[in-house]
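First up is the structure itself, then whatever we jot down about it.
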Amino acid sequence: MMYSVYSFSNFLSVCFGGYAIDKLGHVFGGLTFQSFVCVGLSIFSAACANKNYLWILIGRGIYGVGLGNLTVCQNAVVSHNFKGKELALAFGLVISFSRLGSVLNFYFSSDIAAATSISFAVWLGTAMSFFSFLFVVVFTLLNRRRDRYACMDESMDVSPVSEVGAPSPVKPKAAGRKIKLEDVKSFRLEFWLVGCITALFYACIFPFVAIATDYMQEERGFTEDEASSATGVIYLLSMFFSPFLGKLIDRIGKRLLLTLIAASVTMCAHVMLVFTPVSPWVVVFLIGCSYTVTASSIWSCVPLVVRLREVGTALSLVTAIQMGFISCINAIVGIVKEKTGYPQVSLVFCSIAFACVVLTSVTIVVDKRRCQVLNGTDKSGIFSENEEKGLTAQDEA
Ligand SMILES: C[C@H](NC(=O)[C@@H](N)CCCCN)C(=O)O
């Protein structure tokens with residue numbers, strides 16, 4: 001129930017959060033949504049201490065609104081500040097830090113709660129959210145400094161894509177108008193394809209992580225510690241290797257090809273886990289590598305197929321499609337596991353991974369017809385120049 005409230009509020013709010021970020025700016029997004037996180041967690045922690053179930057749910061709901069949109073805001077800031085040749089690296093670094101949080105939670109939360117109390121553990125998490133608020137404040141100050149530079153010379157327009165702290169002059173009309181809601185209708189086919197690939201791929205990962213520990217204990221004789229260490233390998237690999245993958249993708253492109261390979265490996269790994277005697281350690285290694293590759297590739301596709309002024313809205317739509325689909329798969333996996341067993345659950349994951357392979361292949365063909373914006377590289381810097389003009393990479397390509 002607590003997870004459902006979180007994921008439902010997360011899903012509902014990200015449908016609109018990115019649009020608000022595009023309209024009102026990153027500083028507004030950062031401050032507002034980090035405040036939601038802090039307030040939500042404070043209510044949740046206080047309610048846990050007082051065992052007030054209603055307020056626990058309200059706290060989780062507010063937290064869900066904040067966290068989903070904060071992730072969108074982070075990715076929008078990255079898209080605005082990093083050009084083609086460093087975009088995937090920047091996304092990789094953000095993913096790495098997100099996964100640091102998951103790994104700390106995975107390996108230490110229950111130990112901290114056991115050594116102290118659940119109440120202490122949740123207050124510790126709340127304190128960390130206030131600590132991260134400080135970084136949002138630093139970000140706000142940096143942005144205000146940039147705005148001041150912009151006012152110093154009104155004949156210059158300040159590109160959202162510039163060296164940190166240094167405005168880069170672009171042609172006066174470059175920044176263009178702000179997004180309107182109806183602009184969503186003009187989003188390209190590639191954007192919707194990337195959204196669906198993201199949803200399909202992540203549906204083979206997050207719901208699997210949610211049940212893997214139980215599976216390894218119930219079916220493969222792992223102890224609780226062994227099972228959670230093995231499952232944690234997926235996030236550990238992503239935490240360490242996402243930036244390196246990002247750097248590689250910036251150099252070679254091939255985002256869709258890498259996603260295709262990763263989805264195929266994920267499909268085989270799910271079959272291997274349940275239908276062959278291969279060790280679960282091998283399987284989590286394969287799934288961890290595939291996840292690292294796809295996460296670094298697919299998120300960096302979004303800024304390449306929409307205009308810069310639409311990037312928050314676009315990222316938030318992809319997140320909404322992803323989270324909505326994952327919620328459905330979580331429910332389906334729960335029912336299938338209850339009614340039949342793990343082999344059938346594995347077939348659910350295989351079918352989704354297969355659909356991802358098919359859709360990625362279709363997208364490769366579509367992208368090839370449009371000058372390989374997603375599978376190519378930005379060696380000439382043309383995509384980056386277009387970003388500055390408010391065009392999509394494809395408008396010019
Ligand atoms: C970068 C990517 N982020 C997401 O998928 C977010 N929409 C949701 C993260 C929720 C993690 N429990 C990722 O984390 O790979």
Side-chain angles (χ1 to χ4, degrees), residues 1-4 6-7 41 44-45 48 60 63 67 95-126 128-129 201-242 262 265-266 269-295 323 326-327 329-334 336-338 341-346 348-349 353:
M1 181 66 173
M2 278 199 308
Y3 186 76
S4 306
Y6 158 78
S7 59
L41 283 179
F44 175 76
S45 305
C48 280
R60 288 287 290 179
Y63 170 67
L67 192 66
I95 293 168
S96 207
F97 277 103
S98 303
R99 291 295 74 93
L100 173 65
S102 314
V103 166
L104 290 177
N105 178 32
F106 221 90
Y107 288 102
F108 300 112
S109 287
S110 52
D111 286 346
I112 293 171
T116 55
S117 65
I118 291 181
S119 184
F120 179 85
V122 292
W123 275 115
L124 187 64
T126 307
M128 285 168 88
S129 77
F201 185 82
Y202 273 85
C204 305
I205 305 295
F206 288 166
F208 171 71
V209 169
I211 61 152
T213 316
D214 285 348
Y215 166 76
M216 286 180 212
Q217 288 177 82
E218 288 166 25
E219 305 281 320
R220 304 300 286 258
F222 277 42
T223 63
E224 196 184 337
D225 273 357
E226 282 169 347
S228 50
S229 301
T231 311
V233 164
I234 298 172
Y235 287 159
L236 264 179
L237 285 168
S238 161
M239 183 184 98
F240 283 116
F241 295 109
S242 291
V265 171
T266 303
H270 280 299
V271 176
M272 279 158 68
L273 182 64
V274 174
F275 298 106
T276 72
V278 165
S279 163
W281 287 96
V282 175
V283 171
V284 291
F285 176 77
L286 291 175
I287 292 184
C289 291
S290 307
Y291 168 55
T292 309
V293 168
T294 302
M323 298 309 277
I326 286 176
S327 300
I329 298 303
N330 271 330
I332 291 172
V333 163
V336 173
K337 188 181 122 187
E338 200 70 18
Y342 285 104
Q344 284 73 13
V345 170
S346 164
V348 172
F349 288 132

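In this text the structure is predicted, and so the values were computed from the model without any measurement. Residues: numbered from 1 along the sequence shown.
Evaluation of the ring pair (Phe, Tyr, Trp, His ring centres under 6.0 Å) rule for Y63 yields Y6 as partners, not counting sequence neighbours. Among residues two or more places apart in sequence or in another chain, the side chain to side chain donor-acceptor pair (under 3.5 Å) test is passed with E218 by Y342. In this structure, the side chain to side chain donor-acceptor pair (under 3.5 Å) partners of S45, at least two apart in sequence or on a different chain, are T126. Scanning for ring pair (Phe, Tyr, Trp, His ring centres under 6.0 Å) contacts around Y291 gives Y202, with sequence neighbours left out.
Of all the heavy atoms in P207 and I326, the pair that sits closest is CG-CG2, 4.1 Å. G125 approaches L41 most closely through the heavy-atom pair O-CD1, 4.2 Å. Minimum heavy-atom separation, L100 to M239: CA-SD, 3.5 Å. Smallest separation of non-hydrogen atoms from I95 and S238: CG2-OG, 3.7 Å. Residue V209 comes nearest to I234 through the heavy atom pair CG2-CD1, 4.0 Å, listed as atom of the first residue, atom of the second, then distance.
When the shell of 6.0 Å around CG of L124 is examined, it contains more than 12 heavy atoms from other residues, nucleotides or ligands. Open room surrounds CD on E224; 12 or fewer heavy atoms of other groups in view lie less than 6.0 Å from it.
For residues 103-121, the set of pairs meeting the side-chain hydrogen bond (donor to acceptor under 3.5 Å, both in side chains) definition, not counting sequence neighbours, comprises N105-S109.
Of the inter-residue distances, the one linking L104 atom CG with Y235 atom OH reads 13.5 Å to the nearest 0.5 angstrom. How far CZ of F44 is from OG of S129: 12.0 Å, rounded to the nearest 0.5 Å. With values rounded to the nearest 0.5 angstrom, T213 atom OG1 is found 11.0 Å from D225 atom CG.
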- When you look at S229 and F222, which way does the side-chain contact (heavy atoms from CB on, under 4.5 Å) test go after all the steps? CA-CA 10 Å; S229 301; F222 277 42; over 6 Å; no

- When you look at T266 and F208, which way does the side-chain contact (heavy atoms from CB on, under 4.5 Å) test go after all the steps? CA-CA 11 Å; T266 303; F208 171 71; over 6 Å; no

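Formation of a donor-acceptor pair under 3.5 Å by the H270 side chain with backbone atoms of A353 is not found in this model.
With contacts defined as side-chain heavy-atom distances shorter than 4.5 Å, the pair F206/N330 does not qualify.
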Please list, one pair per line, the donor and acceptor atoms closer than 3.5 Å that link side chains of residues 273-289 to other protein atoms, with sequence neighbours excluded.
{"from": "T276", "atom 1": "OG1", "to": "M272", "atom 2": "O", "distance (Å)": "2.6"}
{"from": "T276", "atom 1": "OG1", "to": "V278", "atom 2": "N", "distance (Å)": "3.4"}
{"from": "S279", "atom 1": "OG", "to": "W281", "atom 2": "N", "distance (Å)": "3.1"}

